[in-house]
Structure formats: C-alpha cells, structure tokens
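Each remark here refers to the structure printed beneath this line.
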Amino acid sequence: MEYEAVIGLEVHAQVLTNSKMFCGCSADYANATPNTHLCPVCLGLPGSLPVVNQRATELIALTGLALNCRINPTNIISRKQYFYVDLPSNYQRTQYEEPICSAGWVMIEVGGEQRRIGITRAHMEEDTGKLQHAADGSLIDYNRAGVPLMEIVSEPDIRTPEEARLYLQKMRQILVWIAVNSGNLEDGAFRCDANVSVRPRGSTTFGTKVEVKNMNSFRNVERALHAEIERQSKLLAAGGTVVQETRGWDEARGTTVGQRSKEQAHDYRYFPEPDIPPIQLSPEWIETRQAALPVLPDERRQRFVTDYGLSAQDASLLTDERVVADYYEQAVAAAPEQTPKAIANWMTGELFRLLNDTGEPLDAASERVPPTMIAELLNLLKDGTLTGPVAKQVFEETFRTGQPPAVIVATKGLRQISDTSAISELARSAVAVNPKAVAEYKAGKSQAIKFLVGQVMKASKGQANPKLAEQALAEVLAE
Ligand code: ADP
Ligand code: ZN
Ligand code: MG
C-alpha cells in the first residue's frame, strides 16, 4: 500500500520588541548576564500585576494581516498551567479559545505551481526561560521568560517534507520582511514543531498524528519529517497502529524518538487570566495596522518582473529580503541612464558574490556601499571610462573601503586606455613575443587574434579598450 503524509506546522516566533510581553523588563535576553532581566511579573510572583505590551499586540496583528487572517476585536489572555522549571509562574500566559488572528493563508510555490496553505490561527503568548544542560546538572536563565511570542498554527494542508520546508521559509521571509521577527533559527527566535500523520493514498480521513519537536533548521525539519513518515508507514504496513505522542528529532541517529504521550487541552486547566482585562481592538485600530502593512515579497517580485522586465529568477533573488529589494529600487532610481536589468545583473553577480565571500548582510554593507555607488560604477562602465574587468576590480575596492568608484579611478589611474598610439605600442610587443599565435593567425586561424587581445589586456592590467586593441593588432599583423 502507498501512504500519503498529512502535515500541520506550529511556528513559535519571538516578536521584536524592546520589552517583555507583560512587564517592562528588557526582552534582549541574548546579550545579557543570565537572570538579570527579571521582575515580579515575569517571575510570576503573587501580587504582581501584568500589563499588555502594546507594541507586541500591534506586531502580532500586523503578522495576522500579512497572513490574510481575520483580526479578533476582543482578546482574552489565558493561563495555561503546567509544571516545568522553565516556567517560573507555573503557568504560561497565552490565548486559548479566540486567538488574535484566525483563518488566513500563505502561498507557496511547489515545482512551479502555487499551493495555498491555510493558517488556522496565530495567537499571542509569552516565552519560557532557557535551560542549559551540562554533565553535572542543568542551568536555568529566566531572562527569556516573558519575551513576546506568537504561535502560528497551520491547517493540515501540507503533504510533503519539501512543502513543509517551503512553508517555513515563506513564513520566515514574511515575518522578517515586516520586521516582527529576527528570523534566527539558531538562537531559537523562530522555532517549529511538526504534526504529521500518514494515510493510505486516496483516503479522505486523517490518521493519528505525532508531534515532532527539537528541529533547529529547515533541513532538519525536512529530514525529521521524512524519517517520521517512513516510520509511520512501515508501522501501518506491518499491521501496527500509530500512537498519538510527542517525539523528538535525534539528528545524530537520523530518527525521531518517543518522548511523552501527547497531553490534551483539558490537562492544562486553561482559564482566563484574572489580572488582564480583555484587550479590545477597534476597527480603526485594525485599519491603521492594515495601512502599515508593506507590499509583501510575492507582490514585490511580481512587480519587479512587470515593471523592470527582470527574469523570474532575478526577481526572486532581489526580493528574498526587503533590504535587498529596497536597495535595488534605490539603485534603479539613482541610475536613470542604466537599464534595470543591468543593475540587477551587477547586484546578483558582483555584489552578491562579495557579500557571500564576507558573509556580511547587505544592510551592514550598504553603509559603505550605498546604492548610488552601484549607479556611479555602472555609469563609468557605460561611458567608457572603465573596461569590464577594471570595473569589477574597482567595485571590489569600493566594497572593501567604501571609497566612491570615481575616487578610486582617479587616484589609481584606472581609466580605460583609448589612446591609439599607446595601444599600438602594446599590440606591437604582443606580436613580438608571441610568434606561435602570430604564425597561427597568418596560417588562417583568425581566432588566434583573441589570444593576442588577451595578452594586450593583460599587459595593460585590463585597462586597454578591447575593441581598439583588436583593431591595432589586426593592423600590426597586416604589416
Ligand atoms: P492539538 O490539540 O494536538 O494541539 P490541533 O488540532 O490544535 O492539535 O492541531 C495542531 C497541529 O496539528 C495543526 O497544525 C494541525 O494542522 C495539525 N494536525 C491536526 N490533525 C492532524 C493530522 N491528523 N495529521 C497531521 N497534522 C494534523
Ligand atoms: Zn519582568
Ligand atoms: Mg492545538
């Protein structure tokens, strides 16, 4: 029998605010001495009173709107009770019945086709503390406890591990794009749990699901789902049944491992947080958030194709991140003499290569190399001041030092050599020291002149006008 997987994903994403969800403590736990960003509220001490972080509420609503969700006007914060050392108050403040965002969707592109994945809900909650396990015991840092978090739950619309990865990449792209999340998987700012079941292909009912945790990269999500789908399929094929449980991904062994049986909602004894009155969001408030929503990556990519005539691939590369898309459009605006295509080529070729080499993000590099410098460089190339190879060399130096291209050209004397007598001189020497190529050329192998042009370019450090070099060589060879 052939089995098909059904997958639903839960993303936990930290919300980029300065302070925590229900108190004024700093939310920057990454750069702090452990257990210093604490107060009675985020420690859940009796008698302390929480206050909802407005900015976090705004950003979570903005996320819902980016995910085509309905925004709930009345929001209740609930207590989810469970005992674990990373939870100082023994309950997590979260939303239960009615989340702030519901019934949305995102599009993913799978093998050239658009697939719509439903978003069940996105709700607001607080993060827990961070445990660190060592050989001689465990350490707990509560600085992360109370950091604003949103949980985004997908419909069971995903069918393959690849789709799961594409969904997560899309989700991450959108959250970073609208600046609600850092997109950092390594430090846990963007985390994912995967629910997966299998069923005979063609069946319309769902099988029993297993929740897989502990995957800290997109690649691991894909691998863990493959392994879990195979495990469940083999189990069913052998006449067994899948047990509903939580399993952890063991990267070293490449399998999922049973952790605990799945708890039910009633185990948590949810009840409305008595210390936080319902959060009311007016239609005007929601409209203001809607108006603040930037053009999202898919629409921007489409626009790059229609407005600038870019290929789908270039448009994708240039809209992967919002900083890149903005940079590109600023360069286009700064260089009316250039085609948008020429600017796209330079960015995806030269700029991306240098960023790749240094590992630097564009927003940092752009302080040295603003988009106007791309415009300036391409203009120097177009008006003949620079040859192609020298332009690349100048740009590398601009990238390294932040010096404008024109300054580098002037101080280093890198202008293209179009002086015919200088070029004739170079052509004469090239002919004199390359008798073999000359003989080939004279024997009728006209391509041999390209080799000689290369020698002239080399001798001029790339600065000779290649067309003039070829002309000069033809003249010398004809003598
Ligand atoms: P729970 O009550 O266990 O949290 P939910 O119904 O809230 O379960 O669903 C949690 C996640 O599991 C959602 O992303 C949902 O799409 C997914 N899911 C639900 N049922 C299945 C199933 N049978 N197979 C795979 N995923 C499922
Ligand atoms: Zn606090
Ligand atoms: Mg649930």
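Remember, it's 1-based here, ligands and their atoms both numbered in the order they're listed.
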Candidate with minimal heavy-atom separation from atom 13 (C) of ligand 1, of Ser154, Gly207, Ala194, Pro156: Ser154

Subset of ligand 1 atoms that lie under 4.0 Å from at least one heavy atom of Val6: 24 (N), 25 (C)

Nearest neighbour of atom 3 (O) of ligand 1 from the list Lys209, Glu211, Arg199, Glu10, on a heavy-atom basis: Lys209

Cys39 near the Zn ion (ligand 2) via N/O/S, less than 2.8 Å: yes

Donor + acceptor pair across side chains of Thr120, Glu155 (<3.5 Å): yes

Gln232 side chain to Val198 backbone, donor-acceptor under 3.5 Å: yes

Shortest non-hydrogen contact from Leu362 toward Val323: CD2-O, 4.1 Å

Aromatic plane relationship, Tyr268 with Tyr270 - under 30° parallel, 30 to 60° tilted, over 60° perpendicular: perpendicular

Enumerated ligand 1 atoms positioned under 4.0 Å from heavy atoms of Leu9: 14 (O)

Numbered atoms of ligand 1 (with element) below 4.0 Å of Phe206, judged on heavy atoms: 23 (N)

Nitrogen or oxygen atoms of Thr208 and ligand 1 under 3.5 Å apart: no

Ser197 neighbourhood, listing ligand 1 atoms whose heavy-atom distance to it stays under 4.0 Å: 22 (C), 23 (N), 24 (N), 25 (C)

Vertex the Zn ion (ligand 2), rays to SG in Cys25 and SG in Cys42 - rounded to 10°: 110°

Val295 backbone acceptor or donor facing Arg300 side chain under 3.5 Å: no

Within 45° cone and under 6.0 Å: Arg93 NZ/CZ vs Phe22 ring: yes

Structural part of Thr120 in contact with ligand 1, heavy atom criterion under 4.0 angstrom: neither

Residues, nucleotides or ligands: over 12 heavy atoms within 6.0 Å of Arg70 CZ: no

Atom indices of ligand 1 within 4.0 angstrom of Gly8 heavy atoms, with elements: 14 (O), 16 (O), 17 (C), 26 (N)

Lys20 side chain to Glu126 backbone, donor-acceptor under 3.5 Å: no

Side chain, backbone, both or neither: the part of Val153 lying under 4.0 Å from ligand 1 by heavy atom: side chain

Aromatic centroids of Tyr142 and Tyr29 separated by under 6.0 Å: no

Proximity to ligand 1 by part of Glu155, non-hydrogen separation under 4.0 Å: backbone

